[in-house]
Amino acid sequence: MASPAPRPRLFVAVVPPGAVLAELRRATAALDALPDADRLRPTEAGGRHFTLAFLGPSDPGRLDGLAARLARAAHRTAPFPLALRGAGRFGDRVLWARPDGDLDALARLAGRVRAAATRAGLPPDAEHAFRPHLTLARVRPGQRLRLAPYAEALAELAAGPWHVDEVRLIRSVPPPGGVPGARPTYETEGRWPLGG
């Protein structure tokens, strides 16, 4: 019997504009020259974002209430500057870019989004606390790699700044099981302008 198709997951995020993602692509190209770089799986442009709230698999019947509450949360937050400066890592699993700019505004927006989702009956996953970062790459499954040299190679990484002016509700559709190298796809379900 075939296993059930993976369920789509929802999250709310800040997505850098295309020009900043292009800067980021150029800034990280040097990683390819480092030893064992083939053990890293770079995040595709569609997956490069700051997750404010991870909602997981969600009941479609609650999305209308969520949309209205996210619109209010976004409207209560003024646009703010953000940039990418330097890199970090989560152990030897994930390599990420460090946010710079008005991090207090980013944290306030995340708090408002998380509260809005909770009030809509879609509380954020407790295991995914807000930790501002933009994932650049993950170590490929079954591989081992020391990420410290990769983070050090990106110590001078710089992309942006830009003004964060919206939040997005994004659906992540996991790849079908058993397909080597398959990646999730990302679909924007809604976007709301910041107001303030």
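These values consider heavy atoms only, across backbone and side chains, with no hydrogens, waters or symmetry-generated copies.
Val173 has its side chain within reach of Glu187: a pair of non-hydrogen atoms, C-beta onward, lies under 4.5 Å apart. At least one side-chain heavy atom of Leu194 sits under 4.5 Å from a side-chain heavy atom of Pro79. Side chains of Thr28 and Leu95 form no contact here, defined as non-hydrogen atoms less than 4.5 Å apart.
A distance of 14.0 Å separates CG in Leu136 from CZ in Arg89, rounded to the nearest 0.5 Å. Rounding to the nearest 0.5 angstrom, the gap separating the CZ atom in Arg171 from the CZ atom in Arg9 is 12.0 Å. Considering CG of Leu154 and CZ of Arg98, their distance stands at 11.0 Å, rounded to 0.5 Å. Rounded to the nearest 0.5 angstrom, Leu10 CG and Ile170 CD1 are separated by 10.0 Å. Put simply, CZ on Arg168 and CG on Leu52 are 12.0 Å apart, with the number rounded to the nearest 0.5 Å. Expressed to the nearest 0.5 Å, how far CG of Leu66 lies from CZ of Arg119 amounts to 11.0 Å.
Taking hydrophobic clusters as Ile, Leu, Val, Met, Phe, Trp and Tyr residues chained together by side-chain heavy-atom distances below 4.5 Å, Phe50 shares a cluster with Val113. Hydrophobic clustering (ILVMFWY, side-chain heavy atoms < 4.5 Å, transitive): Phe54 and Leu134 are in distinct clusters. Taking hydrophobic clusters as Ile, Leu, Val, Met, Phe, Trp and Tyr residues chained together by side-chain heavy-atom distances below 4.5 Å, Leu70 does not share a cluster with Val15. Hydrophobic clustering of Ile, Leu, Val, Met, Phe, Trp and Tyr side chains at less than 4.5 Å, counting indirect connections, keeps Leu122 apart from Phe11. By the criterion of side-chain heavy atoms lying less than 4.5 angstrom apart, applied directly or through intervening Ile, Leu, Val, Met, Phe, Trp or Tyr residues, Trp162 is grouped together with Leu106 in one hydrophobic cluster.
Within the 6.0 Å centre-distance limit, the rings of His133 and Phe90 are counted as a close aromatic pair.
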(message) Assess the residue pair Arg108 and Thr77 against the criterion (side chain to side chain donor-acceptor pair (under 3.5 Å)); give the C-alpha distance rounded to whole Å, side-chain angles, the decisive distance to 0.1 Å, and a yes or no.
(response) CA-CA 8 Å; Arg108 275 193 307 278; Thr77 306; over 6 Å; no
(message) Pair Tyr150, Asp36 - check side chain to side chain contact (heavy atoms under 4.5 Å, CB included), show working.
(response) CA-CA 10 Å; Tyr150 290 81; Asp36 300 318; 4.3 Å; yes
(request) With side chain to side chain contact (heavy atoms under 4.5 Å, CB included) as the test, would you mind laying out the steps for Leu169 and Thr188 before giving the verdict? (result) CA-CA 6 Å; Leu169 178 64; Thr188 297; over 6 Å; no
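Side-chain atoms of Arg112 do not come within 3.5 Å of backbone N or O of Ala74 as any donor-acceptor pair. A donor-acceptor contact shorter than 3.5 Å links the side chain of Thr43 to the backbone of Thr135. Of the possible polar contacts, one joining the Glu23 side chain to the Gly160 backbone as a donor-acceptor pair under 3.5 Å is found.
Side chains of His49 and Thr51: a donor on one and an acceptor on the other come within 3.5 Å.
When all heavy atoms of Ser172 and Pro184 are compared, the closest pair comes out as OG-CB, 3.8 Å. When all heavy atoms of Leu82 and Leu103 are compared, the closest pair comes out as CD1-CD2, 4.0 Å. The nearest pair of heavy atoms linking Asp92 to Leu145 is CB-O, 3.2 Å. Contact between Thr118 and Pro123 at its shortest, heavy atoms only, is OG1-CA, 3.8 Å. Closest heavy-atom contact between Phe80 and Leu109: CE2-CD2, 4.0 Å. Across every non-hydrogen atom of Leu21 and Pro16, the tightest pair is CD1-O, 3.8 Å.
Arg191 pairs by the salt bridge (Lys or Arg N to Asp or Glu O under 4.0 Å) definition with Glu166, not counting sequence neighbours. A search for side chain to side chain contact (heavy atoms under 4.5 Å, CB included) contacts involving Pro81 returns Asp102, His163, not counting sequence neighbours.
Within 6.0 Å of the CZ atom in Arg114, the count of heavy atoms belonging to other residues, nucleotides or ligands exceeds 12.
Tyr186 does not carry Arg48 over the face of its six-membered ring by the limits of under 6.0 Å from the centre and within 45° of the normal.
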